[in-house]
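In what follows, a structure is listed as structure tokens, so that the remarks can point back to it.
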Amino acid sequence: MQKQNGTELKNKAKQLLQNKTVDRVAGFCAGEFAYDPSPCVFYSAEEIEENMIYDCFCSPNFSKFLVKETKKPGRIAVFMKPCDTYSLNQLITEHKIDKDKIYIAGIGCDGMVDVFKLRNKTGSAILKASCDNGALTVKTPDGDMTFAFDEVLAERCLVCKSKKHVYYDELLCEPSFETDTGRFDKVEQIEKMSADARYEFFRSELSKCIRCNACRDACPACTCETCVFGESSSGAESRENANEFEEKLFHIIRAYHVAGRCTDCGECSRVCPQRIPLHLLNRKFILDINRFYGVYQAGETVGQIPPLTDKNESDPEV
Amino acid sequence: MKRIGVFVCSCGSNIEGAVDVCKVVEAMSKEPYVVYAANCKYMCSSSGQELIGKAAAEYELTGIAVCSCSPRMHEATFRKAAASAGLNPYKVEIANIREQCSWVHKDTAEATGKAITLAKAAVSKLCRDEELYPQSFPVTKRALVIGGGIAGIQTAEDISNAGYKVDIVEKKPSIGGKMAMLDKTFPTLDCSACILTPKTVDISHNENVRIFSYSEVESVSGYVGNFTVKIRRKARYVKEDLCTGCGLCAEKCPTKNVPNEFDLGLGSRSAIYIPFAQAVPKVAVIDPDSCRMLKDGKCGLCSRVCGAKAIDYSQKDEITEEKYGAIAVATGIDPIDVTPFDEYSYKNSKDVITALELERILNAAGPTNGRLVRLSDGIRPKTVVFISCVGSRCTEEDERGKTYCSKICCMYTAKQAILIKEKYPDTDIYVFYIDVRAPGKNFDEFYRRAAEKYGVKYIKGMVGKVCDENGVLTVKAADLINNEQMMIGADLVVLAAAVEPDKTAKALASKLNASIDGNGFFNEAHPKLRPVESPTAGVYLSGACSGPKDIPETVAQASAAAAKIIGLLSKNTLESDPCTAHADELKCSGCSLCANVCPYNAITYIEKEFRMPDKTVKIRRVASVNAAVCRGCGACTVACNNGAMDLHGFSREQILAEVDSICS
């Protein structure tokens, strides 16, 4: 259940606009369904009063969205969950976001609902949803259902890496800390599989890929000017996978490209319409980096250099 | 239209021995774009190069592929041949069918197949070669010498004599290095100070030379001909220009019991001190760790007695920035720490000393004024045992020592034995050795003189243990020639400690982008043919920084490095290799990953305006490569996620074409 209530956010957003701290505010407005709030930008207190919402379905990581937003004139306020701020730091480090053009209000988070999980559990249309007191109540044509929050929480939230905001201008919640929730357990399980079983696991998962590019488009580490998979000269331009090799190629190349820069925000798996656990590839890379070069959390601070692109005097000479 | 000539070298029997060169020629002549293919006994010979010229003219070749040895050997040769045939020299590709093929394969069919594959890959790359042109840039006519020992002094002296400016950076308060600590030098037994002091004094008066003593290199940027070096001038708390070196401050300083580094801690000095009598510059320095004024703010005696008003307790480290065309590394060697060798009781007994410590004891300006006495009781030792190879020629497993021979120990041991015998002929001297290595002018004669004329007892065998029982030393050893165990009661044991590169060498190498070997010695550009150049252009190696050396060899190398530097500084402009990185600004997202990995700091970022299709202007941060600084290592090209970085002469397209050609 989110710690922050919508009214508090609304008031803060209106205040930031009114005292001219920012020119606009990014937030959520109601979507078509109860479980899919849409990101949108508010320019006036009236719009905020009327349309702004915040609930346990407001999952998206807004950091990548700021790459384009900060190219526009004026300053924008964004409410960020702890995990979002890691991606933000990484983007600031890579000169993708100008700090002067953002105002970050850190908001507390107890995790977000995984809509797929929820829909599987309800087995029917969700007409209304509300989270309260550690439980989620949904209204369906078959009547109301109530779920314990842990039952419907997204995997990335169940193994949350940190409740600490690593970047903010203002905190709307109590400062919190990093957490250790065994997020590498699944990777270690996969490592223990035989090579064949492991290959089969990823082959079958990646074979579901429809190359919609949602993972790439949502990933805050995917910020190339022109994606190699969008370039016609690459021979692998935006199109469906032609064969099994291409299915793997896309995701493995993507994992390599974000290695050392991936903050493990989990957006790739969240947006995947085919439910491929893409974050496992990235998490394996993170675990390997931790083992080889010491524990490293991308996005922990602005200006840190990923171990894979770092060099220093103690490096062994070739 | 591409018209490619393929030239297959037999290299005598080097290639022909394993590769059927005729088959390679035949296969290559059928390749697309190949209009000419031929074999030659030695492509690098003048007839081989003439063949290139003739074929280029006759067949109007646009590119040349040579199947021969490693490009490190003859790429330059064939580029010149292509240039004289009127081609762009960068339209030449080498297929290495010697080191990477004929030398490592025995089966002719297999080797021939591989040679053809390598040749095809070279042609694929060649088809995508672009014409490249070097840039020229000016040369800063000043050299930097890092290290003020005999090597650095010699290099600086020679460069300055050719009329160029030189700066010496020395980390200690005085120049002079290890040689200043020695008593006499082998094999002529000249007094070390007597031959070194005139040089240090001369260099300090040389108007082309500046000495930055008590200073260290902070950072290095730039490239051959145009280095920018930041030098940290450590606070000595004494104004160098005012101090007259009178020494009154040291005399009056109340803190007198600081171990004297110059005497390796055997003697003591005051908190403000002049390192040694012949120090250059002869300027006092305050050791902030022992000075009462700097520690507690109570004292100030030196400031009161200083007639020149040179004391300045508020002095801070200063960074000066200088520009240089060339850099000589003269960081030299140090004896290793022998304390881990428990068997020799160095830690426990004051009468087990290192050879450099003995050098200080024998030195008339040393802690005992040149009298040979035991440090434990001040009594003259009657039996002295020298142990060679302490930490030298160790096995790989023995982490206390080095696998290499330290080269100078046999000779200085003989020298020290002779010096003791000359002064005190009744001393019994034993030298335990593995081998006596004395190759050098008058070296073997010198060692034999020690053994035969002076009666020094040379015993082949290693010492197993030195026992210290209540101050009585017993040396337990094996005499391998007589095959017997020996027990010698010794008054003094001297350890010939191995030498290792100076502690600062590794960090310096990293600042200079110069490479070092597994032992920490600087690598030569070529161990035989370019021994005083580092693989990094513009960085030269003077003296023992590249391996253990005695004084004559150090001086010879120091002069050789100077000659190379003079050659560089005499040029007004230099040409850069055009095989450098470049960023595709349309793809670059300005993320800085490439700059993180660039070992040469060749990448900077600019804010650039882009006109968008909708006629708006977008300003983006994009990478910009300084072609003069870039060495074409390609690290940036693989770090770039955007695929924006590419290398002239080694483009991604070319590499992939090679891979495709090999795999198809």
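Below, chain A is the first sequence line, B the second, and so on; all start at residue 1. Just so it is clear, the values below take in all heavy atoms, side chains as well, and ignore hydrogens, waters and symmetry mates.
Neither the backbone nor the side chain of C640(B) comes within contact range of chain A; no heavy atoms are under 4.5 Å apart. No part of I619(B) comes within reach of chain A, as not one of its non-hydrogen atoms sits under 4.5 angstrom from that chain. Neither the backbone nor the side chain of C636(B) comes within less than 4.5 Å of any heavy atom of chain A.
Taking the six-membered ring where the residue is Trp, the centroids of F62(A) and F79(A) are separated by 6.0 Å or more. In summary, the aromatic rings of Y167(A) and Y86(A) are positioned with their centroids too far apart to meet the 6.0 Å limit. Checked against the 6.0 Å centroid threshold, Y223(B) and Y600(B) do not count as a close aromatic pair.
With respect to chain A, the highest number of heavy-atom pairs below 4.5 Å among P599(B), A635(B), A644(B) belongs to P599(B). Looking only at heavy-atom pairs under 4.5 Å with chain A, the residue among A639(B), G643(B), G590(B) that has the most is G590(B).
Cation-pi geometry between R620(B) and F610(B) is met: under 6.0 angstrom from the ring centre, within 45 degrees of the axis.
The two atoms that bring H251(A) and C215(A) nearest to each other are CE1-SG, 4.0 Å, heavy atoms only.
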